[in-house]
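Worksheet for the structure shown next.
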Amino acid sequence: MNWPLLYDMQRELDTRIETQHGLEAEDLFARKHLAFLVELGELANETRCFKFWSVKPSSPAEKMLEEYVDGLHFLLSLGLECGLFYESETSPSAQRPLVEQFLAVFRAADRFGMTKASADYHELFTEYLCLGAALGFSPDEITAAYRRKNEVNHQRQNERY
């Protein structure tokens, strides 16, 4: 994945939103952190992996991918907020059952939310990418979906979303 490109795209979107909404001087970390957690929960809900009481199937893969890249937007934005950048040449692979992987991401997000440390950001990002792999998403699919959603987010700003 081309991380510098994704961070640049996210920086452009963040700058636009912060300027349009007069938030340049605001510390947005807590709100972005909560937004990431909400998106992660929405993704879990779409997978239905924890709903042992239900026989209803998960949402279509495209819907789950859209939710996944919503979380990726906030994960990149959190890094930008803290001056941290994820860099890796390899794509992590799925190593846990889906419920356990979601819990690993939630735990890593909680740690990073408390420390804002580079190592914790890297762990969170790695766990999130493992989640994407567990959901069957390739790096190319994730990048393409991120680009599409980034365009939607810019259009939403045009429409005063």
Side-chain angles (χ1 to χ4, degrees), residues 1-50 59 62-88 92 98-135 137 139 141-161:
M1 294 178 78
N2 185 341
W3 297 117
L5 174 66
L6 296 181
Y7 277 104
D8 285 346
M9 291 175 69
Q10 189 62 47
R11 182 181 296 107
E12 181 182 333
L13 179 62
D14 286 356
T15 299
R16 180 177 183 188
I17 290 169
E18 291 167 23
T19 300
Q20 256 181 246
H21 296 272
L23 300 169
E24 300 93 338
E26 299 268 337
D27 178 357
L28 299 173
F29 182 86
R31 288 189 258 180
K32 289 178 181 183
H33 186 245
L34 179 57
F36 173 77
L37 293 171
V38 168
E39 294 298 342
L40 183 60
E42 288 178 2
L43 175 59
N45 202 46
E46 294 299 334
T47 71
R48 303 181 61 78
C49 64
F50 63 95
S59 294
E62 187 59 36
K63 175 64 176 163
M64 289 189 290
L65 181 57
E66 184 178 324
E67 292 295 343
Y68 182 83
V69 298
D70 284 348
L72 182 57
H73 272 83
F74 286 107
L75 190 52
L76 292 165
S77 189
L78 283 165
L80 291 168
E81 191 80 15
C82 297
L84 302 173
F85 302 92
Y86 179 82
E87 298 177 73
S88 179
L98 199 50
V99 168
E100 291 302 316
Q101 189 59 54
F102 270 106
L103 292 172
V105 176
F106 274 109
R107 284 190 296 270
D110 188 46
R111 258 189 314 281
F112 175 64
M114 291 187 289
T115 68
K116 299 181 186 174
S118 178
D120 291 331
Y121 180 69
H122 190 273
E123 179 185 354
L124 171 57
F125 218 114
T126 299
E127 293 294 356
Y128 198 66
L129 292 174
C130 286
L131 177 60
L135 292 168
F137 304 142
E141 287 174 312
I142 293 168
T143 299
Y146 176 86
R147 286 172 170 256
R148 285 191 303 271
K149 188 59 184 263
N150 192 272
E151 288 176 21
V152 167
N153 288 338
H154 276 287
Q155 184 60 37
R156 286 177 173 172
Q157 291 305 306
N158 291 342
E159 297 168 355
R160 299 257 182 222
Y161 176 74

Atom [atom1] in [X], atom [atom2] in [Y]: separation rounded to 0.5 Å?
| X | Y | atom1 | atom2 | value |
| --- | --- | --- | --- | --- |
| Met1 | Tyr146 | CE | OH | 10.0 Å |
| Leu40 | Leu75 | CG | CG | 10.0 Å |
| Glu39 | Leu34 | CD | CG | 10.0 Å |
| Arg16 | Thr19 | CZ | OG1 | 10.0 Å |
| Leu28 | Glu18 | CG | CD | 5.0 Å |

Contacts of [X] that satisfy side chain to side chain donor-acceptor pair (under 3.5 Å) - sequence neighbours left out:
| X | result |
| --- | --- |
| Asp110 | none |
| Lys63 | Glu67 |
| Asp14 | Gln10, Ser77 |

After noting the C-alpha distance and the side-chain angles of Phe50 and Asn45, does the key distance pass the side chain to side chain contact (heavy atoms under 4.5 Å, CB included) rule? CA-CA 8 Å; Phe50 63 95; Asn45 202 46; 3.9 Å; yes
I'd like to know if Glu26 and Lys32 make a salt bridge, using a cut-off of under 4.0 Å between side-chain N and carboxylate O.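 No, this pair does not count.
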Could you check if a side-chain atom of Cys82 sits within less than 4.5 angstrom of a side-chain atom of Tyr121, using non-hydrogen atoms only?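 Not touching, per the 4.5 Å side-chain cut-off.
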Check: Met114 main-chain N/O paired with His33 side-chain donor or acceptor under 3.5 Å: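 Side chain of His33 to backbone of Met114, a donor-acceptor pair under 3.5 Å: no, none is there.
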May I ask you to check whether Trp3 and Phe85 place their ring centres under 6.0 Å from each other?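 Aromatic pair excluded; centres sit 6.0 Å or further apart.
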Contacts of type side-chain contact (heavy atoms from CB on, under 4.5 Å), residue Ser118, not counting sequence neighbours: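 Result, side-chain contact (heavy atoms from CB on, under 4.5 Å) vs Ser118: Leu84.
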Sequence neighbours excluded and cut-off under 3.5 Å, please list the side-chain donor-acceptor pairs for residues 124-133, or say none.
unit_1, atom_1, unit_2, atom_2, d
Thr126, OG1, His122, O, 2.9
Glu127, OE1, Arg96, NH1, 2.7
Glu127, OE1, Gln101, NE2, 2.8
Glu127, OE2, Arg96, NH2, 3.4
Tyr128, OH, Tyr68, O, 2.5

Within residues 144-158 or reaching into it, pairs that qualify as salt bridge (charged side-chain N to carboxylate O under 4.0 Å, His left out) - sequence neighbours excluded: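 Every pair satisfying salt bridge (charged side-chain N to carboxylate O under 4.0 Å, His left out) with a residue in residues 144-158: Glu62-Arg148, Glu66-Lys149, Asp70-Lys149.
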